[in-house]
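Have a look at the structure below, then the notes.
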Amino acid sequence: RALRDALDHAFREKCTAELARDNLYEEVQQVKSRCQKEQAAREEAKKQLSLSRKELEEERRAQIWLKERAVQLEKEVEALLEVHEEEKAGLDQEIASFSQSLESFRCATCQPVEVEDYSKRLSEIWKGAVETYKTEVSQLEGSLCQAKENLWKAVEDNQQSQLQLQHLEKDLAGLKARKEMLEESLARQWQEQRGEVGK
């Protein structure tokens, strides 16, 4: 009877030890699984951080390019305005010289026919100069409008790039959350399978 009691006691201790051993094994496995998940999460975070840095660097380069392009367009507009002013001044000088020539012709000659002929010729020259001036002014205004449109387009492209970057960041956050949910679901399924295999 004493031997049976000792044997029963030893068997119970053995069962308790085996249960504790199994519990420790499961805890160790869970700790390993968590470590692996954390390691994978760290690697994924490093990868995403590297991609985000690359995208940010590209965005910064794009912004720098847009700023330089805007400055270049502004310089082109200023140059066009300077050329416009110079040509306007030149045309004003030509008109003034034509007016002086007309006055000198009127004063120098006494024949009405020659004065009328000179007047017609100078009037034609005047009209041609005015038409040329109008044409050049129209061309300069068109170039100025085109430069302004290019500048606004560059600004809009910069804004669209910033909006696209914000959308990409939102998509990245959503994908990270979905990845975490899938990892947790996979871990639960794995634990359930291990429990069924153990049973």
Side-chain angles (χ1 to χ4, degrees), residues 34-104 119-187:
R34 285 198 297 270
C35 290
Q36 291 175 356
K37 288 181 181 179
E38 290 178 358
Q39 182 66 26
R42 282 196 296 271
E43 294 296 329
E44 184 67 20
K46 288 181 182 179
K47 187 184 296 183
Q48 295 296 332
L49 180 60
S50 178
L51 292 175
S52 299
R53 285 178 178 174
K54 289 181 180 179
E55 292 177 355
L56 181 60
E57 186 66 26
E58 291 177 356
E59 179 64 21
R60 286 177 179 173
R61 291 177 181 175
Q63 290 180 357
I64 291 171
W65 181 84
L66 289 173
K67 289 179 181 178
E68 292 177 353
R69 181 60 179 166
V71 172
Q72 183 180 0
L73 290 173
E74 289 177 356
K75 289 181 180 179
E76 291 178 0
V77 171
E78 292 177 357
L80 289 173
L81 290 174
E82 290 178 359
V83 171
H84 173 69
E85 293 296 331
E86 290 176 358
E87 292 184 353
K88 182 180 177 182
L91 289 173
D92 291 337
Q93 290 179 359
E94 290 180 1
I95 291 169
S97 65
F98 288 149
S99 299
Q100 291 177 0
S101 299
L102 180 61
E103 292 296 330
S104 64
S119 177
K120 288 181 180 179
R121 290 177 61 187
L122 289 174
S123 178
E124 291 176 355
I125 294 172
W126 171 269
K127 290 180 180 179
V130 170
E131 292 297 328
T132 303
Y133 173 74
K134 289 181 179 180
T135 302
E136 291 181 353
V137 168
S138 178
Q139 291 177 355
L140 288 173
E141 288 178 351
S143 300
L144 181 61
C145 291
Q146 185 65 33
K148 288 182 179 180
E149 288 179 359
N150 292 332
L151 180 61
W152 282 111
K153 186 176 180 181
V155 173
E156 289 178 356
D157 291 338
N158 187 13
Q159 293 177 353
Q160 290 178 359
S161 298
Q162 290 180 354
L163 291 175
Q164 187 176 5
L165 179 61
Q166 292 177 358
H167 287 309
L168 289 174
E169 289 177 350
K170 290 180 180 179
D171 293 338
L172 178 61
L175 289 173
K176 285 182 178 180
R178 183 170 177 77
K179 177 177 175 292
E180 292 177 357
M181 291 175 61
L182 290 173
E183 287 180 350
E184 292 177 358
S185 177
L186 181 62

Salt-bridged, Lys47 to Glu43, with N to O below 4.0 Å?
no
One should read off an interatomic distance between Arg61 CZ and Glu57 CD, to the nearest 0.5 angstrom, of 5.0 Å
Please determine, by modelled atom types, if Gln39 and Arg42 share a side-chain donor-acceptor pair under 3.5 angstrom.
yes
Find the distance between NZ (Lys88) and CG (Leu91) and round it off to the nearest 0.5 Å.
10.0 Å
I need the Leu163 CG to Glu156 CD distance, nearest 0.5 Å.
11.5 Å
Can you list everything that forms a side-chain hydrogen bond (donor to acceptor under 3.5 Å, both in side chains) with Glu78? Sequence neighbours excluded, please.
none
Please tell me whether Gln48 and Glu44 have a donor and an acceptor in their side chains that are separated by less than 3.5 angstrom.
yes
Exactly one of Leu49, Leu51, Leu56 clears side chain to side chain contact (heavy atoms under 4.5 Å, CB included) with Arg53, and that residue is Leu49
How long is the straight-line distance from CD of Glu55 back to OG of Ser50, given to the nearest 0.5 Å?
10.0 Å
Identified side chain to side chain contact (heavy atoms under 4.5 Å, CB included) partner of Val71 from the options Arg69, Lys75, Glu68:
Lys75
